[in-house]
Number of protein chains: 2
Amino acid sequence: MSHRPFHHGNLRAVLLEEAEAVLRERGVDALSLRELARAAGVSHGAPRSHFIDRSALLDALAERGFLRLADEMRGAASRAPGDHALALGAATSAYLRFAVREPALLDLMFAAKTDGPSEAVRNAADRLFGTMTDIMGAGVEAGAYDARDVGRLTMLLSATVQGISALVTSRRITTSQGEALVDDAIRIFLAGVSAER
Amino acid sequence: MSHRPFHHGNLRAVLLEEAEAVLRERGVDALSLRELARAAGVSHGAPRSHFIDRSALLDALAERGFLRLADEMRGAASRAPGDHALALGAATSAYLRFAVREPALLDLMFAAKTDGPSEAVRNAADRLFGTMTDIMGAGVEAGAYDARDVGRLTMLLSATVQGISALVTSRRITTSQGEALVDDAIRIFLAGVSAER
DNA sequence: ACCTGAACACCGTTCAAGT
DNA sequence: ACCTGAACACCGTTCAAGT
């Protein structure tokens, strides 16, 4: 049975993987459903069974991007369980590395879509934000700042890391300038909140 | 003479203006050279005389975006010449308003292009950064921080404002949350740098 | 449930030709 | 110098038909 040993039930996964590669190597503009279909060895109409249109594919990519980034940040932070400052640095540094590795994907994740994000994308973005909140929450027990500052500190830090990533991926600054900037931001934020009260 | 009273020497300007409108109302994906040509009443090959290809048009849009944003920030800051904190708040708030007004354009300005920004776009981005540096520089005379902190404070602030804008345009947070966040960021940055030394 | 393949409308890009 | 219009290759999307 199944003279097409490859995609039987996993065409969706194959398309997504290939799409991620194209995105990484040639950018969004080079992403075409028909080309993905050719690469997967199926007819040009086949992707339709898994993605209603091109933007649905882009949404799925953005969704997976958020989930991966959340995982990578959580993983980085967990490798320095005792030291909160170190964990925070590791997590933000993981964000920046993701940005450098997948610039077009990050663009997609924060694209200004006219109708706003789909529910799936929104949920995945919330997952990332939740992960960041968890990481920042650990700073309270470490005595780095007050519990009631966690919310806005998390928002502020995620915005700043995203902004620094945008500067790096758009080639406004180098990766190492970006790294130094992230370190600066964390230090100044922590100094700033404690100086404020 | 000139039975086509409209575009004689200004087709380029007409195309750009129409392109900005399409970008604002329907996003980048809806931007087509052929449609712009139709709207301008010229043949589909005509834009070629002014933009070598679609990405050259996008570059021109990004370039103009940077120049406009720089102007708007400078204008906002100059309306509070005496009070540096007020001027800084006005300038960053102008950034955020630009982001809300032109989300797709801002995306274009910070897009992660595979080959990096063109020279024209890079120069325009430098202009924006120069404007921000000038605005931050005024804080030294006002005694808000040390002259040698201006560089990284400017980088940090521009990254943060860009990141907050991205959160707003991607509908992760509301505009008013974004405004509050910008105010927070400025206050914490200024508290942080002075606490550091 | 998933994929094929024809059909349609639209696009970017090139280029010889006009003015 | 700028614009026209044909030509080409490619695309997204739809849909009846197959398995």
Side-chain angles (χ1 to χ4, degrees), chain A residues 1-23 25-62 104 108 111 113-115 118 120-121, chain B residues 1-23 25-62 104 107-108 111 113-115 118 121:
Chain A
M1 209 124 304
S2 163
H3 34 90
R4 286 153 313 180
F6 196 46
H7 22 77
H8 223 247
N10 65 54
L11 176 58
R12 189 190 144 92
V14 170
L15 291 172
L16 282 170
E17 194 143 352
E18 175 67 15
E20 281 165 0
V22 172
L23 201 56
E25 288 154 25
R26 291 184 286 137
V28 230
D29 291 347
L31 210 53
S32 128
L33 289 175
R34 287 177 103 110
E35 189 189 302
L36 293 178
R38 278 195 300 273
V42 294
S43 78
H44 69 260
R48 235 273 170 133
S49 306
H50 303 280
F51 305 101
I52 184 71
D53 59 19
R54 186 178 186 270
S55 91
L57 170 72
L58 299 187
D59 279 350
L61 291 171
L108 218 51
K113 301 182 59 185
T114 332
D115 300 321
S118 71
V121 171
Chain B
M1 208 122 307
S2 162
H3 34 90
R4 287 153 313 180
F6 195 46
H7 23 79
H8 222 244
N10 65 54
L11 175 59
R12 189 191 145 92
V14 170
L15 291 172
L16 282 170
E17 195 142 352
E18 176 66 17
E20 281 166 359
V22 172
L23 200 57
E25 289 154 24
R26 292 185 284 138
V28 229
D29 291 347
L31 210 53
S32 128
L33 289 174
R34 288 177 102 110
E35 188 188 301
L36 293 178
R38 278 195 301 273
V42 294
S43 79
H44 69 258
R48 235 275 170 136
S49 306
H50 300 95
F51 305 102
I52 184 70
D53 59 18
R54 187 178 184 269
S55 90
L57 170 73
L58 299 187
D59 279 349
L61 291 172
D107 269 12
L108 219 52
K113 301 181 59 185
T114 332
D115 300 321
S118 72
V121 170

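Note: hydrogens, waters and symmetry copies are ignored here, and every other heavy atom, side chains too, is used. Naming: A, B, ... by sequence-line order, numbering from 1 per chain.
Side-chain atoms of Ser32(A) lie closest to dG12(D) of the nucleotides dT4(C), dC3(D), dG12(D). Closest approach to the Arg34(B) side chain among dG12(C), dA7(C), dC2(C) is made by dG12(C) (side chain taken as heavy atoms from C-beta onward). Listed nucleotides dC11(C), dC3(C), dG12(D) differ in distance to Leu33(A); the shortest reach to its side chain belongs to dG12(D). With dA6(C), dC3(D), dG12(C) as the choices, the nucleotide that has an atom nearest any side-chain atom of His44(A) turns out to be dA6(C).
Val42(A) has its side chain within reach of Leu11(A): a pair of non-hydrogen atoms, C-beta onward, lies under 4.5 Å apart. Side-chain contact between Leu31(B) and Leu58(B): present, with at least one pair of heavy atoms (C-beta onward) separated by less than 4.5 Å. With a 4.5 Å cut-off on side-chain heavy atoms, Glu20(B) and Leu61(B) count as touching. By the 4.5 Å heavy-atom criterion applied to side chains, Asp59(B) and Leu108(B) are not counted as neighbours.
Spacing between atom CG of Asp29(B) and atom P of dT13(D) amounts to 10 Å, rounded to whole angstrom units. Look at CZ on Phe51(A): it is 16 Å from C1' on dA1(C), rounded to the nearest Å. In this entry the distance linking CZ of Arg12(B) with P of dA1(D) reads 16 Å, nearest Å. Taking atom CZ on Arg54(B) and atom C1' on dT14(C), their separation rounds to 18 Å, with Å as the unit. Per the geometry, CD1 belonging to Ile52(B) stands 6 Å off P belonging to dT14(C), to the nearest Å. Atom P of nucleotide dA1(D) and atom CG of Asn10(B) are separated by 18 Å, given to the nearest angstrom. Note: CG (Leu11(B)) to C1' (dT19(C)) measures 16 Å, nearest angstrom. As rounded to whole Å, 17 Å separates atom P of dA9(D) from atom CD of Glu35(A).
Among the protein residues, Ser49(A) comes within range of the nucleic acid bases, having at least one heavy atom under 4.0 Å from a base atom.
Remark: dT13(C) base-pairs with dA7(D). Criterion, Watson-Crick or G-U wobble with two distances under 3.5 Å. Using Watson-Crick or G-U wobble geometry with both donor-acceptor distances under 3.5 Å, dA1(C) finds its partner in dT19(D).
In the interface, the side chain of Arg48(B) is not paired with the base of dT4(D) through any donor and acceptor atom under 3.5 Å apart. Not a single donor-acceptor contact under 3.5 angstrom links the side-chain atoms of His50(B) to the base of dA1(D).
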Quick one: do Lys113(A) and Val121(A) satisfy side chain to side chain contact (heavy atoms under 4.5 Å, CB included)? Show the steps, please.
CA-CA 12 Å; Lys113(A) 301 182 59 185; Val121(A) 171; over 6 Å; no
